[in-house]
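Below is one structure, written out as structure tokens; the observations come after it.
Counting starts at 1 for both ligands and their atoms, in listed order. None of these values were measured; they are calculated from a predicted model.
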Amino acid sequence: MSELSVNHLLGIKHLNAEDIQLILDTATQFKEVINRPIKKVPTLRDITIANLFFENSTRTRLSFELAEKRLSADVINFSAASSSVKKGETLIDTVNNILAMKVDMVVMRHPNPGAGEFLAQHVDASIVNAGDGAHEHPTQALLDAFSIREALGTLEGIKVAIIGDIVHSRVALSNVLLLKKMGAEVMVCGPTTLVPKHMHTLGVRVEHNLQTAIEWCDVANMLRVQHERQDINHFPSIAEYRAQYGLTMDHLDALDKPIVIMHPGPINRGVEITSEVADSEHSVILDQVQNGVAVRMAVLYLLAEKRKLKNSK
Ligand code: CP
């Protein structure tokens, strides 16, 4: 198979295992390209992409923009904070105005779950979800999977513990869905108040003890406590959270095996992970960032190919 089964990347839930394999294999080829002295290819020369960010971002926004430029696409950037959204313009009006400038693809981050799906039903462009509220962050899960495969050679049978604020995390949900589709074993670990009650229905183990989780896993994906999405206090204090769920070098030294440490960023250093662990030889955190460019190049390329096929029919 050399084409995606979908016209948009709205969530991992819409992808099958072959789609995921195709994206990861295509990203491997693009990673080779971006490590060459000349990092640019003419692949998307005729394509215009709008990056619409209605929520803050560092890694995802820069990584998409770089991926688009490496593929020679024309790129326009929109940030809600400095736009007419502040004057009350709706999402559909905003996007239709941008599409009137002949835009082919839209990469969108939005605080509302399902914003990408809504857009895909109302506009003609190919939509890529760059994070929608606490729902999904599909390209993060794809780059995490790429990084695990790079570190350990496979996803099949690998034990991944996702640790921290699960309930507010789009990264957790997209990772669970992807890893299960690709044959990995998944555990989520965090305080009872930060793990949704339905989690076991997704076929994952639920654990509340950090030491047990890291003794079980091959990979620990440490998540940030998302204070900005919390309307109530889910734990008594940061100091208490750190004492129960903060990963330290002492935890890793007590293991009888090495484990791979991941974090999607931004990191709360000294809260969910110490600087010593984040910067250690066990950590692939900056590899994740580098792999994000190759994975996003693969997603954009494959969706553009799909769009070409659709338009030629
Ligand atoms: N991992 C991630 O989505 O980071 P940003 O919020 O900085 O894009």
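In this structure the side chain of Lys159 never reaches within 4.5 angstrom of the side chain of Arg205, judged on heavy atoms. Contact check for Met262 versus Ile285: no side-chain heavy atoms found under the 4.5 Å cut-off.
At the shortest separation from atom 6 (O) of ligand 1 among protein heavy atoms lies Arg109 NH1, 2.8 Å.
Annotation: Pro264 places an N or O atom under 3.5 Å from an N or O atom of ligand 1; distance criterion only. Residue-to-ligand polar distances keep Arg170 apart from ligand 1: every N/O pair is separated by 3.5 Å or more.
For an aromatic pair to be called close, the ring centres must be under 6.0 Å apart, and Phe78 with Phe53 fails this.
Within ligand 1, the atoms closer than 4.0 Å to a non-hydrogen atom of Thr58 are 5 (P), 7 (O), 8 (O), numbered from 1 in the order shown. The distance from ligand 1 to the heavy atoms of Gly265 drops below 4.0 Å at these ligand atoms: 1 (N), 2 (C), 4 (O).
Below 30°, between 30° and 60°, or above 60°: for Phe54 and His110 the angle between ring planes is between 30° and 60°, a tilted geometry.
With distances taken over non-hydrogen atoms, the option nearest atom 3 (O) of ligand 1 out of Glu55, His137, Gln288, Arg59 is His137. With distances taken over non-hydrogen atoms, the option nearest atom 8 (O) of ligand 1 out of Thr60, Asn56, Asp144, Val171 is Thr60.
Among Leu4, Asp25, Leu142, the one residue that satisfies the side chain to side chain contact (heavy atoms under 4.5 Å, CB included) test with Ile20 is Leu142.
Gly131 does not count as a contact of ligand 1, since none of its heavy atoms falls under 4.0 Å from the ligand.
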Taking it one step at a time, do Ser147 and Gln288 satisfy side-chain hydrogen bond (donor to acceptor under 3.5 Å, both in side chains)?
CA-CA 6 Å; Ser147 304; Gln288 288 174 263; 5.4 Å; no
